[in-house]
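This report concerns only the one structure given below.
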Amino acid sequence: MKKINISILIISIWMLFSCSDFLDTEDLTQKNSSNFPQTSEDVFSSLLSAYAAIGEIKDPYWQTFFLLAETMSDDRFGGGSTVDRMILAVNEYKKSQDNMYSGIWSKYYRGIYRTHFTLESIDRVVWESEEQKNKILGQAYFLRAYMYFDLCRLFGTVPLVLSTQVESLPKASPEELYGCIFSDLKKAIELLPSTSLANIQDTEKSLATKWAAQALLARVYLFYSGYYKNSSIELSDQTVLDKEYVIRNIDDCIANSGHGLISDFRNLWPYSLSNKEYGYAKNNRLEWIGENGDNVETVFAWKYSTLLWKGFSNKINLYFGIKGQDQIPFGKGWGFGTVNPQLYEQWPDDDIRKKASIYYVDDPEEGTTGFIWNGENNQQETGYWQKKYMPINVRNAEGNIVNYSCELYGATTNFQENNTQDLVVIRFADVLLMGAELGSVHAQEYLDQVRKRVGLPSVPVTLDNIKKERRYELAFEGVRYYDLLRWGDAEKEINKIVDVPARTMNVPIKVTVKFRPETGGFLPIPENEILLSNGVLVQNPGWTGTDALY
C-alpha cells in the first residue's frame with residue numbers, strides 16, 4: 001500500500017502534544033506571575049495546552065465525552081468484558097462508585113484553567129499584529145465555551161470559574177453558564193477571521209475557526225433552547241442572543257466557510273481504505289477521503305492522524321474495537337458500545353448509511369469471515385458493531401494484518417497505541433441539519449443536500465423528519481443522546497429497550513434498559529469534589545439513593 005506523504009502534517013498539533021507535559025507541571029503555575037509568558041509564542045503554547053487537555057485521552061480512557069454520550073444513547077449497549085462493570089453502569093444511568101467521573105470532571109476544569117491562563121496572558125506580551133492577537137483570543141474563547149458546554153451536558157449545572165484564581169464555588173444557574181458559553185462563542189465569531197477553508201494554511205486546519213464557532217453556537221442553542229425551554233438569553237454585554245442571530249451565523253457558515261459534503265458518505269470512514277480484501281469496500285469501489293486536504297466535510301476535529309508524538313492515540317477506537325480478534329478490516333479492542341439490534345431493524349434498507357454505519361457479522365455483503373463470538377469474556381454481544389470509529393486493518397507487503405496507521409504513518413504495531421483516526425466533533429452534514437431544524441429560509445435545501453448525497457428523495461422539513469435524518473446521518477458520532485435530551489424524547493426512546501437479544505460469554509441473554517428521569521439525564525458530581533468544596537457543591541438529583549447504584 002502506498003504511504004500518504006504528509007507534508008508538515010499539522011505542526012501545531014505536534015506542538016500541542018509535545019508541550020502538554022511541560023504545561024502540566026507545577027513549575028508553570030509558579031511561573032504565571034513571574035517569567036512566563038514572555039513572547040507571543042509562549043501564549044500560543046499555553047493555548048495549545050488547552051487543546052491538549054481535551055484532545056488527549058488519559059486513564060481512565062473510557063472517561064471521554066464521546067464514549068459516555070454514545071454509551072448512554074439508545075443506539076448502544078455497554079458491551080466490554082465481564083469485568084467492565086462501569087460501562088454497564090453508564091449504559092443503565094447508574095454509578096458503580098461515588099467518584100466514578102472524577103477523571104473527566106478534573107480534565108475539563110484543567111483545560112478551562114489553561115484557557116484562563118491564555119486569556120490573562122494576552123496583554124503581557126508584544127504581538128506582531130492585532131490579527132495575530134485576535135486569533136489567539138478567539139480560539140481561547142471557543143475552547144472555554146466548548147469545555148463548559150461539555151461539562152453542562154454531562155453534569156447539568158456546574159461551578160462557573162472565570163479566572164485562574166480558583167476557589168470553591170456553588171453550581172451556577174443554567175442562565176449564567178449558557179450566558180457565558182454564548183458570550184464566548186459570540187466573541188470567537190467576531191475575533192476569528194472569515195477565511196474560507198481553501199485559504200486556511202495546513203498548519204492551522206487543526207485549530208478552531210470562525211466556522212467551527214458558528215457551528216458550535218447552533219449546537220449549543222439547540223440544546224439550551226430545547227432542554228431549558230428558553231428561546232433567547234441576555235449576555236453580559238446586555239445584548240440578547242436569539243434564534244435569528246443563530247440562524248444568521250449558521251447560514252453564513254454554510255454559504256461562506258468552504259466546507260461541504262464529499263460525494264460518497266461511505267468514503268468518510270477509514271474502512272473504505274481497506275478496499276482490496278474487504279468485500280463491502282471493494283464491491284462498492286470505496287476510497288477513503290482521508291483526514292487532510294480533500295476532506296472538506298470536517299468542521300472541527302480532535303487530531304490524531306499523525307504520530308509525531310507518542311502515546312496519544314485515539315483510545316475511543318480501541319474501546320469500540322471487537323474484543324478478542326482481528327479481522328480485515330475490523331481490528332481488535334475492548335468491545336464497548338455494541339450496537340442495539342433495534343436500530344438495525346428499524347433502519348430502512350434503501351438507506352446506504354445503514355450498512356455504511358453498521359457491521360452485521362452474518363451479512364454476506366460484508367465479505368468477512370471467521371467472526372468469533374465471545375472472543376474474550378464478552379458481554380452484551382449482539383452481532384452488530386458500528387463502523388465509524390473502529391480499529392481498521394489492512395494487509396501489509398509481508399502479508400501481515402496490521403492497523404492502517406502502521407502503513408500510512410509508520411505507527412507502532414501495539415494495537416493499544418496505533419489508532420490514529422481523527423475524532424470529528426462537528427461534520428458539515430450536521431451543520432446543514434442544524435440549519436434545517438433552526439428554521440433557516442434555506443431549510444428545505446439543507447435537508448435535501450444531506451438526503452441527496454445518499455440517494456434519497458426530498459421530504460418535507462418537519463421535526464419528525466429531521467429527527468430521523470439526524471439519527472441515520474449522525475449515528476455513532478456522539479450526538480444522539482443529547483438530541484434525545486433536548487427533544488424531551490430520552491425516556492420514551494430509551495425505555496423501548498426491553499428484552500433485546502444479546503449474548504454474554506456466548507450465553508443468550510435479554511437486555512432491558514430503563515432511563516432514570518429523576519437524574520434529568522445528567523451524571524453525578526464526584527463525591528470527592530463535594531467534600532473538597534466543604535459542602536458548597538451539592539449532589540445532582542437522582543444520585544443519592546440506592547436506585548443510583550449499579
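For the pair A215 and I426, the tightest heavy-atom approach, listed with the atom from each and the gap, is CB-CG2, 3.8 Å. Taking every heavy atom of both residues into account, G179 and I233 meet most closely at N-CD1, 3.5 Å.
Partners of R353 according to the salt bridge (Lys or Arg N to Asp or Glu O under 4.0 Å) rule, which considers only residues two or more places apart in sequence or in another chain, are D351, E469, E473.
No side-chain donor-acceptor contact under 3.5 Å links S168 and S533. A donor-acceptor pair shorter than 3.5 Å can be found between the side chains of S81 and D84. Residues N91 and T71 have side chains that never bring a donor and an acceptor to within less than 3.5 angstrom of each other. No hydrogens or angles considered: a donor-acceptor pair under 3.5 Å links the side chains of Q139 and Y51. Checked by atom type, the side-chain pair D326/N393 shows a donor-acceptor distance below 3.5 Å. Using a 3.5 Å distance cut-off with no hydrogens or angles, the side chains of E120 and T164 do pair a donor with an acceptor.
Screening Y101, Y108, Y109 for a ring pair (Phe, Tyr, Trp, His ring centres under 6.0 Å) with W105, the sole residue that qualifies is Y109. The residue from F66, Y304, F476 that alone fulfils the ring pair (Phe, Tyr, Trp, His ring centres under 6.0 Å) condition with Y389 is F66. Paired with L160 under the rule side chain to side chain contact (heavy atoms under 4.5 Å, CB included), one option of L151, I181, L177 passes, and it is L177. Evaluated for a side chain to side chain contact (heavy atoms under 4.5 Å, CB included) with W269, the options K388, M390, Q386 yield exactly one hit, K388. Partner Q421 forms a side chain to side chain donor-acceptor pair (under 3.5 Å) with one of N403, N314, N317 and no other, that one being N317.
Side-chain atoms of Y178 never come within 3.5 Å of backbone atoms of Y228 as a donor-acceptor pair (strictly under, hydrogens ignored). The closest donor-acceptor contact from the side chain of Q539 to the backbone of I525 lies under 3.5 Å. Looking at T115, its side chain never comes within 3.5 Å of a backbone N or O of L143 through a donor-acceptor pair. In terms of modelled atom types and a separation under 3.5 Å, the side chain of T298 and the main chain of F300 share no donor-acceptor contact. Panel note: side chain E376, backbone G324; no donor-acceptor pair is recorded below 3.5 Å. Of the possible donor and acceptor atoms, none in the side chain of Q379 sits under 3.5 Å from a partner among the backbone N and O of T504. For the pair D422 (side chain) and A301 (backbone), a donor-acceptor distance under 3.5 Å is absent. The main-chain N or O of E297 is found under 3.5 Å from a side-chain atom of N295 such that the two form a donor-acceptor pair. Under a 3.5 Å cut-off, the side chain of N377 and the backbone N or O of V83 do not form any donor-acceptor pair. The closest donor-acceptor contact from the side chain of S183 to the backbone of L235 lies at 3.5 Å or more, if one exists at all.
For the pair R144 and Y148, the cation-pi test (distance below 6.0 Å, angle within 45°) is failed. With a 6.0 Å cutoff to the six-membered ring centre and a 45° limit on the axis angle, K387 does not count as a cation-pi contact of Y359. Seen from the ring of Y224, R486 does not count as a face-on cation partner, given the 6.0 Å and 45° thresholds. Judged by the 6.0 Å and 45° rule, R516 forms a cation-pi pair with W543.
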Problem - salt bridge (Lys or Arg N to Asp or Glu O under 4.0 Å) evaluation trace for E417 with K315 - result: CA-CA 8 Å; E417 299 293 339; K315 299 293 186 181; 3.0 Å; yes
Problem - Verdict with reasoning, M86 to Q97, per side chain to side chain contact (heavy atoms under 4.5 Å, CB included) - result: CA-CA 8 Å; M86 74 290 180; Q97 50 111 333; over 6 Å; no
Practice task
Show your working on side chain to side chain contact (heavy atoms under 4.5 Å, CB included) between L217 and L241 and close with a plain yes or no.
Solution key: CA-CA 10 Å; L217 175 76; L241 189 145; 3.9 Å; yes
Practice task
Would you sort out whether N340 and Q342 count as a side-chain hydrogen bond (donor to acceptor under 3.5 Å, both in side chains), showing the intermediate values?
Solution key: CA-CA 5 Å; N340 179 358; Q342 292 173 320; 2.9 Å; yes
Practice task
Apply side-chain hydrogen bond (donor to acceptor under 3.5 Å, both in side chains) to the pair T412 and N418, showing each step before the final yes or no.
Solution key: CA-CA 6 Å; T412 173; N418 61 16; over 6 Å; no
Exercise for the section: In sequence, state the C-alpha distance, the side-chain angles, and the governing distance for V299 and R427, and then conclude on side chain to side chain contact (heavy atoms under 4.5 Å, CB included). Expected result: CA-CA 5 Å; V299 179; R427 191 157 58 81; over 6 Å; no
Exercise for the section: Could you go through the salt bridge (Lys or Arg N to Asp or Glu O under 4.0 Å) check for E92 and K514 one step at a time? Expected result: CA-CA 7 Å; E92 296 187 20; K514 185 174 176 58; over 6 Å; no
Exercise for the section: Test side chain to side chain contact (heavy atoms under 4.5 Å, CB included) on L433 and E437 and set out the steps. Expected result: CA-CA 6 Å; L433 292 175; E437 186 174 352; over 6 Å; no
Exercise for the section: Evaluate the criterion salt bridge (Lys or Arg N to Asp or Glu O under 4.0 Å) for residue pair K94 and D547; output intermediate values, then yes/no. Expected result: CA-CA 8 Å; K94 297 182 179 182; D547 288 346; over 6 Å; no
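Note: R471 CZ to W347 CH2 = 8.5 Å, rounded to the nearest 0.5 Å. Note: L162 CG to L119 CG = 10.0 Å, rounded to the nearest 0.5 Å. The CZ atom of F117 sits 5.5 Å away from atom OG of S46, with the distance rounded to the nearest 0.5 Å. Within the model, atoms OG of S106 and CD of E529 stand 5.0 Å from one another, a figure rounded to the nearest 0.5 Å. Distance CD1/I189 to CG/L192: 9.0 Å, rounded to 0.5 Å. The structure places NZ of K323 at 7.0 Å from CG of N378, a figure rounded to the nearest 0.5 Å.
Ring centers of F330 and W385: at least 6.0 Å apart, outside the cut-off. Taking the six-membered ring where the residue is Trp, the centroids of W334 and F415 are separated by under 6.0 Å. Between Y146 and W302, the ring centre distance stays below 6.0 Å. For Y384 and Y360, the gap between ring centers is short of 6.0 Å. Taking the six-membered ring where the residue is Trp, the centroids of W62 and F336 are separated by 6.0 Å or more. Within the 6.0 Å centre-distance limit, the rings of Y482 and F65 are counted as a close aromatic pair.
Checked for salt-bridge contact, R480 and D74 meet the test: a charged N lies under 4.0 Å from a carboxylate O. For R503 and E381, the salt-bridge test fails: no basic side-chain N is under 4.0 Å from an acidic carboxylate O. Salt-bridge formation is not detected for the pair E491/K496: no Lys NZ or Arg NE/NH1/NH2 atom is positioned less than 4.0 Å from an Asp or Glu carboxylate oxygen.
For NZ of K467, the number of neighbouring non-hydrogen atoms (other residues, nucleotides, ligands) closer than 6.0 Å is greater than 12.
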